[in-house]
2 protein chains.
Amino acid sequence: MTKLSDKTEKFIARYGEMASHWGLNRTECQIHALLFLSPKPLDAEEISETLSVARSHVSNSLRELENWGMVKPTRVLGSRREYYETHADVWDMFRQAVSEQKRREIDPWMRTLREAVDELDDPYAKKRVGDMLGFFETFSKWYEDVRRLPTPLVRKFLTLGGKAVSLLGLN
Amino acid sequence: MTKLSDKTEKFIARYGEMASHWGLNRTECQIHALLFLSPKPLDAEEISETLSVARSHVSNSLRELENWGMVKPTRVLGSRREYYETHADVWDMFRQAVSEQKRREIDPWMRTLREAVDELDDPYAKKRVGDMLGFFETFSKWYEDVRRLPTPLVRKFLTLGGKAVSLLGLN
DNA sequence: GTAAGTTTTCACTCCATACAGAAATAAGAG
DNA sequence: CTCTTATTTCTGTATGGAGTGAAAACTTAC
């Protein structure tokens with residue numbers, strides 16, 4: 001068990017608070033933070049001791065993080081334990097997070113919107129929901145396009161920022 | 001008190017579930033949904049009755065929604081009650097939501113990241129946090145640029161999607 | 001000033017869900 | 001097959017926060 005420094009502990013705590021609005025709970029996020037800061041993969045036992053969280057809870061949390069694609073299990077030679085690590089590249093990490101978020105939240109919500117547009121009787125309500133659906137559809141298409149691009153290109157594109165708009169002569 | 005249709009009720013309920021990951025609670029989101037679907041502004045009393053939620057809770061929720069800029073109070077002639085309505089344009093609505101979300105979640109998180117980069121002793125951890133900060137900074141700059149554009153332009157820009165990248169000759 | 005209408009505050013209840021710890025199950029070594 | 005080690009399931013507890021309803025505090029009309 002590695003004793004964490006005060007600064008590290010504080011960071012992990014805040015990471016847990018912050019990220020717990022993304023669908024994962026506090027402990028899950030803290031585990032992710034710990035792995036994110038660790039230069040080498042850690043096993044469940046180590047995580048449990050370092051964060052003072054029940055061993056079983058760590059197992060469940062790791063499983064959930066795996067479902068989200070936020071951690072990767074790796075086998076280490078000569079040990080039968082599973083070791084876990086996070087993405088080496090933060091951009092890949094966030095791309096994964098966003099993609100899961102979309103799959104779990106946005107896509108079902110868009111289905112609900114489509115259903116509502118079909119079902120609602122009141123014409124004003126129908127129009128309003130239709131407007132919202134339109135917004136999501138535009139955004140969703142944009143995202144699907146960007147999603148296909150390799151990371152360095154996304155990076156360049158985002159760095160351009162508003163300049164892209166003037167370069168394209170949209171205004 | 002207006003009795004809601006089954007379809008409308010279902011939609012409002014789902015809206016509450018979905019949106020409650022955005023920092024507002026279920027009831028607050030349901031109130032927003034109700035106002036969003038209503039062709040005319042509603043007062044707290046009506047909302048309370050229609051959604052079967054305690055009058056006081058509605059008041060508090062409306063206040064919170066106001067803090068978020070998600071509802072606007074309007075005075076109606078000959079009545080001293082306050083009436084509430086949502087944005088007429090969904091794009092404006094989401095721009096407001098995103099802007100609040102950034103102010104309340106992203107900005108503080110970026111401050112934490114900067115602090116951590118300064119404070120952390122372990123060089124690997126420092127590098128990792130720095131990477132994450134870099135990601136947020138790129139994104140934040142992009143957002144600030146886009147934020148300044150008028151809605152129709154943002155719309156055009158997003159609609160272009162991946163084509164923008166090839167048009168700009170980035171690849 | 002008082003009275004009527006409206007919002008805010010506060011103390012309390014209740015529910016969801018995070019988390020602990022024990023027990024059960026599975027997997028690998030010999 | 002059996003012993004050891006690792007993970008999963010299950011049951012109970014506890015904590016945070018949503019929601020209630022009454023009481024207090026404003027606000028405007030008269």
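Naming convention: chains lettered A, B, ... in sequence-line order (proteins, then strands); numbering from 1 in each chain. Note that this is a predicted model, so its numbers are computed, not measured.
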In whole angstrom, what separates A:L42's CG from D:dA6's P? 15 Å

Please determine, for the side chain of A:S56, which listed nucleotide (D:dT9, D:dT7, C:dC19) has the closest atom? D:dT9

How long is the line joining CG of A:L51 and P of C:dA20, in whole Å? 10 Å

Specify the separation, in whole Å, of atom OH of B:Y83 and atom P of C:dT6. 8 Å

Using whole Å, report how far NE2 of A:H57 lies from C1' of D:dT7. 15 Å

Measure the distance from CG on A:N60 to C1' on D:dT7 and round it to the nearest whole Å. 9 Å

CG of A:D43 to CD of A:E49, rounded to nearest 0.5 Å, is 8.5 Å

Using a heavy-atom cut-off of 4.0 Å across all strands, would you classify A:E45 as base, sugar-phosphate, or nothing? nothing

If you only use heavy atoms from C-beta on, which nucleotide in D:dT20, D:dT7, C:dT7 is closest to the side chain of B:V53? D:dT20

Answer yes or no: is there an ion pair linking A:D131 with A:K127, defined by an N-O contact shorter than 4.0 Å? yes

Any side-chain N or O of B:R26 below 4.0 angstrom from OP1/OP2 of D:dG19? yes

Of D:dT8, C:dC19, D:dT7, the nucleotide closest to the side chain of A:E82 is D:dT7

Measure from CD on B:E49 to P on D:dT20 and round the result to the nearest Å. 14 Å

Just to be sure I understand the rule, does A:D43 reach a base, reach only the sugar-phosphate, or reach nothing, if contact means heavy atoms closer than 4.0 Å? nothing

Does C:dG5 have OP1 or OP2 under 4.0 Å away from a side-chain N or O of B:R81? no

So what does A:T27 hit on the nucleic acid, given a heavy-atom distance under 4.0 Å: a base, only sugar-phosphate, or nothing? sugar-phosphate

Check the hydrophobic clustering (I, L, V, M, F, W, Y; side-chain heavy atoms under 4.5 Å; chains of links allowed) and say if B:W22 and A:F136 are grouped together. no

Interatomic distance, A:R55 CZ vs C:dT25 C1' [rounded to whole Å]: 14 Å

May I ask you to evaluate whether A:N25 reaches the phosphate of C:dC19, defined as a side-chain N or O under 4.0 Å from OP1 or OP2? yes

Pair A:E66 + A:R63, salt bridge at N-O below 4.0 Å: no

Atom CZ in B:F36, atom CE in A:M132: separation rounded to 0.5 Å? 3.5 Å

Taken to the nearest whole Å, NE2/B:H21 to P/C:dA16 is 15 Å

